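In what follows, a single structure is set out as structure tokens and then discussed.
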Protein chains: 2
Amino acid sequence: MATITGTDHAPPTGPQGAAAGLDLHLVRPHGRVRDSLMEALRDAIRSGRLAPGARLPSSRTLAADLGVARNTVARAYSELVAEGWLASQHGSGTTVSPRAADVLRSLTSRRTRPPPRPPDHDLRPGHPDLSSFPREEWSRAVKRALHDAPTEAFGYADPHGRPELREALAEYLARARGVRSDPDDIVICSGAAEGLDLVAAALADDGVGAVAVEEFALPTQRLSLTAAGLRCPPLTVDPEGADVRALDTMPDVGAVVLTPSHQFPLGAPLHSDRRAAVIDWARRKGGVVIEDDYDGEFRYDRSPVGALHGVDPECVVYLGTVSKSLAPGLRLGWFVLPHRLVEAVIRQKGETESTCGFVEQLAMADFIRSGAYDRHIRTMRAQYRRRREQLVAAVSRASPDTVVAGLPAGLHVVLQLSGGGESRLAGRPPWRRLAVEGLDLYRHPDAESDRDGVVVGFAAPAPSAWSAALAALVHLLP
Amino acid sequence: MATITGTDHAPPTGPQGAAAGLDLHLVRPHGRVRDSLMEALRDAIRSGRLAPGARLPSSRTLAADLGVARNTVARAYSELVAEGWLASQHGSGTTVSPRAADVLRSLTSRRTRPPPRPPDHDLRPGHPDLSSFPREEWSRAVKRALHDAPTEAFGYADPHGRPELREALAEYLARARGVRSDPDDIVICSGAAEGLDLVAAALADDGVGAVAVEEFALPTQRLSLTAAGLRCPPLTVDPEGADVRALDTMPDVGAVVLTPSHQFPLGAPLHSDRRAAVIDWARRKGGVVIEDDYDGEFRYDRSPVGALHGVDPECVVYLGTVSKSLAPGLRLGWFVLPHRLVEAVIRQKGETESTCGFVEQLAMADFIRSGAYDRHIRTMRAQYRRRREQLVAAVSRASPDTVVAGLPAGLHVVLQLSGGGESRLAGRPPWRRLAVEGLDLYRHPDAESDRDGVVVGFAAPAPSAWSAALAALVHLLP
């Protein structure tokens, strides 16, 4: 039976008659009949209903059978010949191409690994709520960006990134994070990880041998630095943030990576005295402060505190990303550089932009300028604030001796259980259905601190999954 | 004067009265009045018409003045306070935030370098016609991709790339290029350059010390290899393609980079005897053939010849990209790997996908599956074929002694001028308004060949600019 369903321009739904045993379903509701027919034929070949070598009905027969114009079928056949699905030889009609055998071989041998099974309750830190991604608004931003893009945007591109995005970011970062920057000193990258890779390589090229890091930090940070040949001695972290005064005792250190607005993962903000001290160190020493502002927009007790960058833009490399504010899957980040470092970092990128597609960049520029980015951040900030309050309340009800560390900010908390040994606990089976992480994961191998804790992200669950995740967490507390 | 223009929900166009000297233009035709008002206020601050510290009219006054609901104005004010544009203190009304000063500073100090002036006639090789990018169709593919994407797609991703795209590519490459692949052996990357970087690093890690290259090739190829610590001795190129028989005399070479379908830039296809010989070498030696299929879709005299990969998928790394077929600015490529190399290459990428955004990947999968990619390639193939014919005809009319080298394929030709010395000519002023390249740019430093030529790309000009570019070229021929 040949069946047409749901096509705008097609005859009424329903069986249209038999065609050489061909059962075709034409299901592209927005397309031309020819496209629907082509897609149905491709599907028949993919599924094996039409085998390589099989002969197709003549265009006249199939057209009569489907109740469409003969020309439509003839054109569909000839396009599929051009695409390699069908073969046509004068006198012997149209057959399924032998090449389709290769297609089928690749499909039947398919053993794509299933993605790893997600945990039942995902409370891993650093993951935003992906279900709240503003799909419609982003889609509109892409549409406008593609419509308005100058032709040159589609070509090999300036490694600095699109000027439209750098200008929108200069404006956004100034008012939202107190970052005073010139668009020319902003470089677009495919996320904070690529950003740190590039800065590390530029520093190493410039003769820097060591970069200090916080004793608790993302392990990928140390990977970026050591891959560039840099050593990375740790700075102690206490309730006033990283103890930057120790930099004066580290003569070979030329730069330091900090998370001033909300130490990752411990949660302290960098104390104002230390902010001043580290800028002072950088000025005296000619050093560089790399500020990873990974979640600076999310402060719940008051307005976000401005970035350290604002204190002295000529000492600070500011790293930002949409990974927490929108979605990591977009692979989009930026850094604001002291003017003297721009060319060194660009040299590391090469002559043209090698990673960031221009569509994302222009869409993000539109998203910022239209106010949609601010709106999305406000919505998410309200949701995350509520979740953090619920988490703190639930923990204090269920386990009054458990300490929730860190200031009201960001997408995670650190729980210090009364019994201790949380890191070991986080790695053991009872926690498996519930994905949380032990502080151990973030500890520098040379860290002096024996501090322990469970790092709980409260952003990742979809709104519908949040209560169950919170209940699962509370259930496991002592 | 406060003016509202072109807003769907707003009162009729025209002056609406004075509001504290505020001249507001509300111009978002598709938005809510509140959005229009917010955008107009942001613009007034950006342009300096509203200075930091300036007091705004009360929401009641402005609402009456604009003929909109007071609530609309009040909400616009409060959103702009949240965004950092305005400040609000009880009793003292709403003012422009001091933070706006930072914004203005970054805008007024702006010195974004203008993009380099494009040549009058762009006949550089390797650049497709960007003006023919199917903006509408790509935009629809993005919209469908965003609508249908599973939530996990927005998160940190598998470094192999999206399974949807790898499956669509396995099917496409099998029928269009004769590449038999399992989707699990395909890895997505941000373009051929990143692809070669990753393969080079994996080979170097595996103990390979040298990778042979064609004596004329993209210079970035050698950069990728040497950056990974590999030496890259040249293979002679003659009218049968690279002379791969020399590999037997190079005991330390563990891999070879080739452009079998259409040697870049000389234009010869790799002879079938040599195809067999290089696969034979790879099997005997355990070597790897890296096939850069940069323009395999564009053959004009007959159907594209299948990729070398099809001969023995376990010896060949196949590199593909959308840079010639769609647009370099998308930063999207792929490689099909011998199964034994997949994990080594993925290790080079790291634990998660670090460069390719998921939106491009899903859009590309949709673009292939819907047939839009085939359609676009057919359209462009017809256009490029026509241009190549016009170019050959015009050159033979104007300069019968000039030889057009290379088979009817790809996006460029090599012109051998009767007088010789073309590379030097291509670098000199008379050619400046006309961007072409000399063969010198592509010559390996150790190449024995003293061959010369002008490499002319015929794809880059927009259709409206093609005739003038061709005329400018012909005008300069001897």
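Not measured: the values here are computed from a predicted model. All values below come from the heavy atoms of this structure, side chains included, with hydrogens, waters and symmetry mates left out. Residue numbers begin at 1 in each chain, while the letters A, B, ... track the order of the sequences.
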Residue, of B/Leu332, B/Thr355, B/Leu326, B/Val142, that accumulates the most heavy atom pairs under 4.5 Å with chain A:
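Result: the option with the highest number of such pairs is B/Thr355.
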Quick one: which of B/Ala157, B/Pro128, B/Gly191, B/Gly155 has the most heavy-atom pairs under 4.5 Å with chain A, could you say?
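Ranked by heavy-atom pairs under 4.5 Å with chain A, first place is B/Gly155.
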Check against side-chain contact (heavy atoms from CB on, under 4.5 Å), A/Arg375 and B/Asp35
CA-CA 11 Å; A/Arg375 268 199 301 281; B/Asp35 290 339; 3.6 Å; yes
Parallel, tilted or perpendicular, as decided by the 30° and 60° cut-offs, for the rings of B/Phe358 and A/Phe133
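The arrangement is perpendicular - the two ring planes meet at more than 60°.
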Contact part of [X] toward chain A, heavy-atom cut-off under 4.5 Å: side chain, backbone, both or neither?
X        : result
B/Arg42  : side chain
B/Pro52  : neither
B/Ala149 : both
B/Ala153 : backbone

Who are the side-chain contact (heavy atoms from CB on, under 4.5 Å) partners of B/Ser323, not counting sequence neighbours?
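side-chain contact (heavy atoms from CB on, under 4.5 Å) check on B/Ser323 returns A/Tyr156, B/Thr321, B/Pro328, B/Arg331.
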So, using side-chain contact (heavy atoms from CB on, under 4.5 Å) as the criterion, who are the partners of B/Cys356 when residues are at least two apart?
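Applying side-chain contact (heavy atoms from CB on, under 4.5 Å) to B/Cys356 gives B/Ile188, B/Ser190, B/Glu353, B/Gln361.
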Strictly distance-based, threshold 3.5 Å: is any side-chain N or O of B/Arg135 a donor or acceptor partner for the main-chain N or O of A/Leu146?
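Yes, B/Arg135 side chain to A/Leu146 backbone: donor-acceptor pair under 3.5 Å.
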Check the surroundings of atom CZ in B/Arg381: do more than 12 heavy atoms from other residues, nucleotides or ligands lie under 6.0 Å from it?
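Yes - once you tally the heavy atoms of other residues, nucleotides and ligands closer than 6.0 Å, there are more than 12.
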Is the NZ atom of B/Lys349 crowded by more than 12 outside heavy atoms at less than 6.0 Å?
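Atom NZ in B/Lys349 is crowded, with more than 12 foreign heavy atoms closer than 6.0 Å.
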Relative to chain B, which of A/Leu173, A/Leu130, A/Thr151 shows the most heavy atom pairs under 4.5 Å?
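Most heavy-atom pairs under 4.5 Å with chain B: A/Leu130.
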Could you tell me if the side chain of [Y] sits less than 4.5 Å from the side chain of [X], heavy atoms only?
X        : Y        : value
B/Glu360 : A/Val359 : yes
B/Ser139 : A/Lys143 : yes
A/Ile45  : B/Glu171 : no

Over all heavy atoms of both residues, which pair between B/Glu39 and A/Arg369 is shortest? Give the atoms and the distance, please.
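Taking every non-hydrogen atom into account, OE1-O, 3.2 Å.
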Identify which part of [X] has an atom lying under 4.5 Å from any heavy atom of chain B, answering side chain, backbone, both or neither.
X        : answer
A/Glu79  : both
A/Pro313 : neither
A/Ala193 : neither

Nearest-0.5 Å distance, CD of residue A/Glu152 to CG of residue B/Asp122:
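That separation rounds to 12.0 Å.
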